[in-house]
Amino acid sequence: MDFNNIFSEIYNEIKAIPSKGSVAQYIPELALVDPEKFGVSLVNLDGEKFHFGNAQEKFSIQSIAKVLSLTMAYEIQGEKLWERVGVEPSGTAFNSLVQLEYEKGIPRNPFINAGALVIADILVSELKNPKKEFLDFVNQLCHTKVAYSPQVAASEKSCAYVNTALINLMKSFGNIKNDINEVMDFYFHLCSIEMTCEELSQTFLFLANDGVCALSQKVIVDQSKSKRINSIMQLCGFYDEAGEFSFKVGLPGKSGVGGGIVVVRPHEFSMAVWSPRLNAKGNSFLGTKFLELFTTKIDYSIF
Ligand code: GLN
């Protein structure tokens with residue numbers, strides 16, 4: 001398949017679309033990113049790579065990192081993990097507080113902020129040096145050296161009013177075991193990881209390969225866990241837009257407020273798109289459009 005031609009054809013189509021959303025403002029450092037950036041990268045299980053636009057430029061992966069922290073925590077704790085976080089779509093915004101009170105501090109899923117904070121708490125309990133060990137875990141998947149952005153982590157911490165509310169509420173229900181500041185510091189760091197589209201698509205390829213890292217052949221998670229992580233991405237990866245994303249794109253995936261989206265087609269490829277302007281649901285506006293046209297034109301959804 002000549003993906004290079006398909007990528008530029010689709011980009012030419014979507015760049016003419018007038019309403020393109022706006023760059024995330026609530027994390028001051030993210031508001032500084034050039035909204036015109038656009039990159040795509042696809043890596044398949046035959047080892048082929050296809051890139052378009054700013055595919056080699058680093059950006060803040062934000063909530064996309066929640067899939068990787070879930071993967072690490074799930075591998076450590078197994079099914080016990082689901083006592084503290086659910087697997088249901090929330091139908092609410094990524095940072096919503098509303099369900100947490102009446103569901104007694106148990107977040108609907110690991111990809112809304114509340115759920116990702118519980119996963120961060122689990123990793124703080126399980127790891128001796130969470131920041132270092134998490135980064136080592138990510139680096140073995142992408143086969144390059146990626147890093148946290150101390151500026152982005154500090155910037156998010158400076159305005160963390162909603163996440164502070166979420167974690168305090170969960171602490172009051174006993175679903176956060178460690179010191180709140182320690183958990184939040186770890187959470188802000190994992191969200192601040194910077195990657196290129198190429199690194200991101202390479203990192204997620206294990207989820208297209210039944211949990212096995214395609215380059216090293218190391219088992220990251222077993223087949224059942226890999227399948228389940230993909231199913232949570234399918235149902236919860238885009239918050240209150242998960243249904244629409246599934247309807248239009250039809251691949252499991254995860255977005256971040258840095259404008260990145262990663263999707264996986266099991267047994268074939270993983271693909272990352274980056275365009276910083278977000279729609280009202282906090283997902284990349286052009287990234288979503290691009291993926292919709294991509295899976296539609298070449299009939300590439302999982303359905
Ligand atoms: N770090 C961001 C937050 O906690 C992540 C949100 C996102 O990417 N959807 O708000």
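Position 1 is the first residue of the sequence, and the numbers go up from there.
Between S41 and Q56, every side-chain heavy-atom pair lies at or beyond the 4.5 Å cut-off. Side-chain contact between V264 and P266 is present, with at least one heavy-atom pair separated by less than 4.5 Å. Side-chain contact between V212 and Q217: present, with at least one pair of heavy atoms (C-beta onward) separated by less than 4.5 Å. A heavy-atom distance below 4.5 Å is found between the side chains of V146 and K58. When side chains are defined from C-beta on, R277 does not count as touching S284, because their heavy atoms never get closer than 4.5 Å. No side-chain heavy atom of T288 sits less than 4.5 Å from a side-chain heavy atom of K248. Within the 4.5 Å cutoff, no side-chain heavy atoms of L127 are placed close to those of K132. Using a 4.5 Å heavy-atom cutoff, the side chains of Y161 and N95 are not in contact.
A pairwise comparison of heavy atoms in A114 and L100 identifies CB-CD1, 3.9 Å as the closest pair. In this structure, P110 and G86 approach most closely via the heavy-atom pair CD-O, 3.5 Å. Scanning all heavy atoms of the two residues, the minimum distance from L293 to I14 falls at CD1-CG2, 3.6 Å. Considering all non-hydrogen atoms of both residues, A55 and T196 come closest at O-CB, 3.3 Å. When every heavy atom of Y187 is checked against every heavy atom of A120, the shortest pair comes out as CB-CB, 4.2 Å. Residues F303 and S246 come closest through the heavy atom pair CE1-OG, 4.1 Å.
Scanning for salt bridge (charged side-chain N to carboxylate O under 4.0 Å, His left out) contacts around K37 gives E57, with sequence neighbours left out.
Within the structure, salt bridge (charged side-chain N to carboxylate O under 4.0 Å, His left out) contacts touching residues 110-128 (residues at least two apart or in different chains) are R84-D121. Residue pairs meeting the salt bridge (charged side-chain N to carboxylate O under 4.0 Å, His left out) criterion with at least one partner in residues 96-106, sequence neighbours excluded, are E103-R108.
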When you look at E199 and T144, which way does the side chain to side chain donor-acceptor pair (under 3.5 Å) test go after all the steps? CA-CA 7 Å; E199 287 167 335; T144 50; 3.0 Å; yes
Stepwise, does the side chain to side chain contact (heavy atoms under 4.5 Å, CB included) test hold for T296 with E292? CA-CA 6 Å; T296 305; E292 179 185 349; 4.2 Å; yes
Do H267 and N209 pass the side chain to side chain donor-acceptor pair (under 3.5 Å) test, and can you show the C-alpha distance, the side-chain angles, and the key distance before you say yes or no? CA-CA 5 Å; H267 307 135; N209 196 31; over 6 Å; no
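Hydrophobic clustering keeps L235 apart from I119 (ILVMFWY residues linked when any side-chain heavy atoms are closer than 4.5 Å, directly or through intermediates). Under the 4.5 Å side-chain heavy-atom criterion for grouping Ile, Leu, Val, Met, Phe, Trp and Tyr, I298 is connected to V263 within one hydrophobic cluster. Placement of Y300 and I302 within a single hydrophobic cluster is found when ILVMFWY residues are connected by side-chain heavy-atom separations under 4.5 Å, directly or transitively. Connection of F269 to M195 is not established within any shared hydrophobic cluster, with ILVMFWY side chains joined at heavy-atom distances below 4.5 Å, either directly or through further cluster members. Under the 4.5 Å side-chain heavy-atom criterion for ILVMFWY residues, no single connected hydrophobic cluster contains both F186 and I112.
The closest side-chain donor-acceptor pair between N5 and D2 falls under 3.5 angstrom. Defined by atom type and a distance below 3.5 Å, a donor-acceptor pair is missing between the side-chain atoms of S192 and E156. A donor-acceptor pair shorter than 3.5 Å can be found between the side chains of N178 and S125. Using a 3.5 Å distance cut-off with no hydrogens or angles, the side chains of S60 and E194 do not pair a donor with an acceptor. A donor atom on one side chain and an acceptor atom on the other are not found under 3.5 Å apart for H51 and N4.
Using modelled atom types, one side-chain atom of Q25 and one backbone atom of V23 make a donor-acceptor pair closer than 3.5 Å. In terms of modelled atom types and a separation under 3.5 Å, the side chain of N109 and the main chain of E88 share a donor-acceptor contact. Side-chain atoms of D46 do not come within 3.5 Å of backbone N or O of E48 as any donor-acceptor pair. Side chain of Q62 to backbone of C191: a donor-acceptor contact under 3.5 angstrom is found. The main-chain N or O of F238 is never found under 3.5 Å from a side-chain atom of S255 such that the two would form a donor-acceptor pair. Put simply, the side chain of N139 gets close to the backbone of L135: a donor and an acceptor are under 3.5 Å apart. Side chain of S96 to main chain of T92: no donor-acceptor pair is present (N/O by atom type, distance under 3.5 Å, no hydrogens or angles).
One finds a salt bridge joining E9 and K297 here, because a Lys/Arg side-chain nitrogen approaches an Asp/Glu carboxylate oxygen to under 4.0 Å. A salt bridge does not link K281 to E244: none of the charged side-chain nitrogens sits closer than 4.0 Å to a carboxylate oxygen.
With M271 as reference, V40 is the one residue of L251, L200, V40, I261 to meet the side-chain contact (heavy atoms from CB on, under 4.5 Å) rule.
Taking CD from E241 and CZ from F94, the interatomic distance works out to 12.5 Å, rounded to the nearest 0.5 Å. Note that the CG atom of N175 and the CD1 atom of I106 stand 4.0 Å from one another [nearest 0.5 Å]. The OG atom of S158 sits 9.0 Å away from atom CD of E29, with the distance rounded to the nearest 0.5 Å. With values rounded to the nearest 0.5 angstrom, I167 atom CD1 is found 4.5 Å from I176 atom CD1. Note that SG of C197 is 11.0 Å distant from CZ of F52, once rounded to the nearest 0.5 Å. Once rounded to the nearest 0.5 Å, the distance linking CG of L42 with CD of E198 reads 11.5 Å.
Residue-environment remark: NZ (K171) exceeds the threshold of 12 foreign heavy atoms within 6.0 Å. Within 6.0 Å of the CZ atom in F173, the count of heavy atoms belonging to other residues, nucleotides or ligands exceeds 12. Within a 6.0 Å sphere centred on NZ of K218, heavy atoms belonging to other residues, nucleotides or ligands number 12 at most.
Summarising the hydrophobic clusters (Ile, Leu, Val, Met, Phe, Trp, Tyr; side-chain heavy atoms under 4.5 Å, direct or chained), the residues clustered with L45 are V43, L205.
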Please output the side-chain donor-acceptor pairs of residues 219-227 that fall under 3.5 Å, not counting sequence neighbours, one pair per line with the distance.
{"residue": "D222", "atom": "OD1", "partner": "S224", "partner atom": "N", "Å": "3.2"}
{"residue": "D222", "atom": "OD1", "partner": "K225", "partner atom": "N", "Å": "2.9"}
{"residue": "S226", "atom": "OG", "partner": "G211", "partner atom": "N", "Å": "3.2"}

Donor-acceptor pairs under 3.5 Å, side chain of residues 64-76 to any protein atom, not counting sequence neighbours: which ones?
{"residue": "K66", "atom": "NZ", "partner": "S63", "partner atom": "OG", "Å": "2.8"}
{"residue": "K66", "atom": "NZ", "partner": "F111", "partner atom": "O", "Å": "2.9"}
{"residue": "K66", "atom": "NZ", "partner": "N113", "partner atom": "OD1", "Å": "2.6"}
{"residue": "S69", "atom": "OG", "partner": "A65", "partner atom": "O", "Å": "3.4"}
{"residue": "S69", "atom": "OG", "partner": "K66", "partner atom": "O", "Å": "3.2"}
{"residue": "T71", "atom": "OG1", "partner": "V67", "partner atom": "O", "Å": "2.7"}
{"residue": "Y74", "atom": "OH", "partner": "E79", "partner atom": "OE1", "Å": "3.3"}
{"residue": "Y74", "atom": "OH", "partner": "E79", "partner atom": "OE2", "Å": "2.9"}

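Taking the six-membered ring where the residue is Trp, F38 and F290 present tilted rings, their angle falling between 30° and 60°. Using cut-offs of 30° and 60° for the angle between ring planes, the F294 and F7 rings count as tilted. Taking the six-membered ring for Trp and thresholds of 30 and 60 degrees, Y148 and H189 have ring planes more than 60 degrees apart, a perpendicular arrangement.
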